[in-house]
Asker: 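One structure coming up, written as structure tokens, with questions to follow.
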There are 2 protein chains.
Amino acid sequence: MHVAADAEAGPVRAPLSRDRVLRAAIGIADDGGLAGLTMRRLAEVLGAEAMSLYYHVANKDEVLDGIADVVAREINEVVDALEVPSAGAQWKNAVRRRILAARQVLLRHPWAPAVFETRTAMSPEILVYHDRLLGLMRDGGFSYDLAHHALHALGSRALGFSPELFDPGDGSTGDVPAEFADRLPHLVGMLSEIAHDDPGSTLGWCDDQTEFEFGLDLLLDGLDRLRERSSS
Amino acid sequence: MHVAADAEAGPVRAPLSRDRVLRAAIGIADDGGLAGLTMRRLAEVLGAEAMSLYYHVANKDEVLDGIADVVAREINEVVDALEVPSAGAQWKNAVRRRILAARQVLLRHPWAPAVFETRTAMSPEILVYHDRLLGLMRDGGFSYDLAHHALHALGSRALGFSPELFDPGDGSTGDVPAEFADRLPHLVGMLSEIAHDDPGSTLGWCDDQTEFEFGLDLLLDGLDRLRERSSS
DNA sequence: ACCTGAACACCGTTCAAGT
DNA sequence: ACCTGAACACCGTTCAAGT
């Protein structure tokens, strides 16, 4: 009787924990974006009241710190499984492979770059990630000084993303050529040529992956040249 | 009498306008950062009620679009005053000077990069800025295809900023070396060497301007090499 | 130890109403 | 045409209270 009554009140919800809170938060962000991640919605998904979260997490900022760290751990697990030789001139390929692998993880969590950028405290896992990247550069013969500059130069590209400030070829610029043709001659010229080169695409289509790799290789090639110069 | 009564009610406030709203918004952001920019605070500064703003501006997003565009116009005014030769090999210096001038404007509006990054619609002034940048590359002999890649590779660096995902040398990493020394050997090694090279500074101090220029020159040098290769 | 209800101090925004 | 008061539907968070 008592047992039946308990059952009627619903199955006893698994107790909350910091870990369950963070996993639920990632699920919400993956499904509906960062805007949907509120403390109230988070509690709802967990079958609890919003105020219960504060027993396991200090505030929303700690939730954001936490999910950034979980994603960074996921990245570290993936890149640590990579086995790429990194001695001498091979450093560049090793770093490149690592960064592109990290990028694949981030593509599964499109909200993560925005969270990384708002964090002020360093996630422990992101520190580990950069430490390993530094290690690969050291294998290539980088001084700490050059490696330090390199980390700054790569910036978020080191983690596999590159915030698109504006997409010079997205629809918003492509569909007003007539109006701005005389005021934006080079932009219009560029976009029409891109459309011509790739007639099947919508005007101004850009391949994110191609552009990411172009910028990454530009930086890695430049760094490799500086490495050669400094070691000779 | 009537006049005195009116005077007692306070001087008649200048009427609102879209322009006054945007200027006030920039003032708030300059003084207290983006977090302080709320519709209610904005109205208060203007001596009006929050709801009055909606007669001049559709919503807060339009305020953010607007102040981004005003800053971009300020940048365009500064860089258009530059007179730097850009023909042939001189393109690189012209682009470099332009970008560093844009950066100086952004340093006066530290909140602006964050706003640029959240805008989805392109600001007309930012389109103009990039159109001129494309023009300089064309002067240097770039194909539209290479110039297009170049804009993607530069990303926000074209506008004079580079979001610091993490500062490998800021205080938060510098003051836990003992605890993480074994887990982060390269990071700790790098930071201690930087501290040694610059004993007067706090551990891990980084010169933003120096790092910005390092990354920028790495990209520009790489692009120049591609330009030479393609034109030969 | 873990969870909750009620309440507070904020947001952006709508809508009907004032001049 | 321009501005406002009252109100709505949200936020994150505190605090005293429940088990």
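The sequence lines fix the lettering, A, B, ..., with proteins before strands; numbering per chain opens at 1.
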Asker: Go nucleotide by nucleotide along DNA chain D from the 5' end; which of B/Leu53 and A/Leu37 gets its closest nucleotide reached first?
Answerer: B/Leu53
Asker: Decide whether A/His148 and B/Glu193 meet the rule of one side-chain donor and one side-chain acceptor closer than 3.5 Å.
Answerer: no
Asker: Is the shortest side-chain N/O distance from A/His56 to OP1 or OP2 of C/dA1 below 4.0 Å?
Answerer: no
Asker: How long is the line joining CG of B/Leu42 and P of C/dT13, in whole Å?
Answerer: 12 Å
Asker: Kindly give the heavy-atom pair with the smallest separation between A/Ala158 and A/Ile99, and that separation in Å.
Answerer: O-CG1, 3.4 Å
Asker: Less than 4.0 Å between a side-chain N and a carboxylate O, is that true for B/Arg96 and B/Asp217?
Answerer: yes
Asker: Using a cut-off of strictly less than 4.0 Å, decide whether B/Tyr55 has a side-chain nitrogen or oxygen near OP1 or OP2 of D/dC3.
Answerer: no
Asker: Write down the distance between CZ (B/Arg41) and P (C/dC11), rounded to a whole number of angstrom.
Answerer: 10 Å
Asker: Does any nucleotide pair with C/dA7 by Watson-Crick or G-U wobble geometry, both distances under 3.5 Å, and what is it?
Answerer: D/dT13
Asker: Output the rounded distance in Å from CG (B/Asp61) to C1' (C/dC11).
Answerer: 15 Å
Asker: Base, sugar-phosphate, or nothing for B/Ser52, non-hydrogen atoms under 4.0 angstrom?
Answerer: base
Asker: Would you mind classifying the nucleic acid contact of A/Met39 as base, sugar-phosphate or nothing, using non-hydrogen atoms under 4.0 angstrom?
Answerer: sugar-phosphate
Asker: Can you measure A/Glu44 atom CD to C/dG5 atom P for me and round it to whole angstrom units?
Answerer: 14 Å
Asker: Without decimals, in angstroms, what is the distance between A/Tyr54 OH and D/dA16 P?
Answerer: 17 Å
Asker: Could B/Glu62 and B/Arg18 be called an ion pair, given the rule that one side-chain N must be under 4.0 Å from one carboxylate O?
Answerer: yes
Asker: Between C/dC2 atom P and A/Met51 atom CE, what is the distance in whole Å?
Answerer: 19 Å
